[in-house]
> 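Below are the structure tokens for one structure; questions will follow.
In what follows, chains are A, B, ... by sequence order, proteins preceding strands, each numbered from 1.
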2 protein chains.
Amino acid sequence: MAALDRSLISRLPLFQGLTPDEQGEILRDARSSRYAKETAIFAQEAEAHSFFVLIAGHIRVVRTTPDGQQVIVRYISEGEIFGVAAALGRTTYPASAVAAVDCVVLAWPNALWPELARRFPAFGATTYRTVGSRLQETQTRVVEMSTEQVEQRVANALLRLANQTGRKTDSGIEIDFPISRQDIAEMTGTTLHTVSRLLSKWEEKGIIVSGRQKVTVKDAHRLVVLAENRDKG
Amino acid sequence: MAALDRSLISRLPLFQGLTPDEQGEILRDARSSRYAKETAIFAQEAEAHSFFVLIAGHIRVVRTTPDGQQVIVRYISEGEIFGVAAALGRTTYPASAVAAVDCVVLAWPNALWPELARRFPAFGATTYRTVGSRLQETQTRVVEMSTEQVEQRVANALLRLANQTGRKTDSGIEIDFPISRQDIAEMTGTTLHTVSRLLSKWEEKGIIVSGRQKVTVKDAHRLVVLAENRDKG
DNA sequence: GGGACAATTTGCGCTGGCGCAAACTCAAGA
DNA sequence: TCTTGAGTTTGCGCCAGCGCAAATTGTCCC
């Protein structure tokens, strides 16, 4: 822990409402680790032993179907808590977590959750607030999958990525971790071919620029229009 | 409260791990009400004032899109807690709840949540366990929407309904509340026409029997096969 | 008992997007 | 510099499932 930047950590939303002393007490029980790009933090169906906070990097949460198809449930950004099976009374992880880039992660043993939640209600409340918004987001995604066309869903996905993990550059908002056409397809329930065709079309129109595992949104406004289009684009 | 059957209520999973005294204390703050078929318990986007337990009946949780399309998020069965916005730090309900049949419901003011959760940890834990399985279910639904064909999704939906709210009759497992083709379509992201065609086909094959707002599963096993079919049925 | 409406069924034509396949293009390592 | 392989692009054909429309059936209410 000593090696990590305490001031950075104490600024995380997760620790808001806690005194520096309390923060220290919570952090004392954490173990920090590094995960190289494309390695797993935990695997779907595995016995849940810990919960985590992402200190640096980006994490992909993935569900794999019995026949091997993958669906990206969400991306985790810096500062977010994840793998909170314990807080929700689960004994296994419902999905896998994979480092999208090299990552630094704090981990607490699940056994500590009840005590931490009891002694630091603000800590528990923040976690449950996060869970609440994830439940809502996931429901929104079901609604999108049910009612929107592929083009709208891909536009929405890019907008979300740009908002959550976008980095402003002089040519637009760049998604600041490597993301392939295949990844975008797995987020939106389509195929890499269809994503590729859409991105090509949008690039022609000047709405985005994209390269290998890279997308930059140049004209978010027109992307919003595409995402909202009731029927034909 | 006096009018309600206490022994029935104390058998609910939600109250497990609590002494009769504690149960009484929690119930003292509840208000019970009836909702006629097709009336709303709460509306999407409305200020969240209470959380609820369904004592009798069946409730449909629905999200409506800006352009008026509806998606059924889930059905609530007897004994389940719902509308728990408070426990998740939300101030509005993310969806509407509508009585699918005449219902009896207990309601607690949201303001009581923090105290109840603090004084009766088992109560809070059970609630969060429920939230956890709902998050997982919802994710499963995203995966299904992303990877399965309509036929498999409808088969899965019927199986789930049969398991959760099925009533055994001599002709099979009957879903014990009125459910239309349109409802099934809104649960599976398709149209009532397609649902109707599928049900007709399955009825011909003797897998189900169905009528107006009524479905009875006769051969769950063959339905499972349909639900699992990797590609063509 | 009969009218009126809501739910369901079914036919038909169309198309969004998938599956397959092949070509192309970077980026990194040898 | 050259090789290699992963990521991407693009053409082509097809079909699951939607949209529209019309007929039919069951239910509730008067």
> Would you tell me whether A:Thr190 and A:Thr188 have side-chain atoms, one donor and one acceptor, within less than 3.5 Å of each other?
no

> Rounded to the nearest Å, what distance is computed from the CD atom of residue A:Glu151 to the C1' atom of nucleotide C:dG17?
12 Å

> C:dG19 base to A:Arg197 side chain: any donor-acceptor pair below 3.5 Å?
yes

> Using whole Å, what does the distance between atom C1' of nucleotide D:dT8 and atom CG of A:Leu199 come to?
10 Å

> Just the rounded figure in Å: distance from P of C:dG17 to CE of A:Met145.
11 Å

> Within the modelled atom types, does a donor on one side and an acceptor on the other bring the side chain of B:Arg212 and the base of C:dA6 under 3.5 Å apart?
yes

> Rounded to whole Å, how long is the line connecting atom NZ of B:Lys201 with atom P of D:dG17?
9 Å

> Would you mind reading off the distance between A:Lys214 atom NZ and C:dT25 atom P, rounded to a whole angstrom?
18 Å

> Hey, is the side chain of B:Arg181 pairing donor to acceptor with the base of C:dA7 inside 3.5 Å?
no

> In whole Å, I'd like the distance from the CD atom of B:Glu203 to the P atom of C:dT9.
8 Å

> Looking at D:dT8, does its base get a donor-acceptor pair with the side chain of A:His193 below 3.5 Å?
no

> Identify, between B:Val150 and A:Val195, the residue whose nearest nucleotide on DNA chain D lies closer to the 5' end.
A:Val195

> Any ion pair linking A:Arg63 and A:Glu186 (charged N to carboxylate O, less than 4.0 Å)?
no

> State whether a side-chain donor-acceptor pair under 3.5 Å links B:Ser210 with B:Arg181.
yes

> Could you state the CG-P distance from B:Leu198 to D:dA16, rounded to the nearest angstrom?
12 Å

> D:dG7, OP1 or OP2 - any side-chain N/O from A:Ser180 closer than 4.0 Å?
no

> Taking the side chain of A:Gln213 as heavy atoms from C-beta outward, which of C:dT10, D:dT8, C:dC18 is closest to it?
D:dT8

> Check whether any side-chain N or O of B:Asp102 sits under 3.5 Å from a backbone N or O of B:Ala36 as a donor-acceptor pair, and report yes or no.
no

> Once you round it to whole Å, what is the distance between C1' of D:dG5 and CD of A:Gln182?
16 Å

> Between A:Thr190 and C:dG17, is there a contact of a side-chain N or O with OP1 or OP2 at under 4.0 Å?
no

> Taking only side-chain nitrogens and oxygens of B:Thr194, does any of them come within less than 4.0 Å of OP1 or OP2 of D:dC18?
yes

> Need one value for B:Ser200: base, sugar-phosphate or nothing, where a base atom within 4.0 Å counts as base even if backbone is also close, heavy atoms only.
sugar-phosphate

> Do A:Arg160 and A:Glu144 meet the salt-bridge criterion of a basic N to acidic O distance under 4.0 Å?
yes

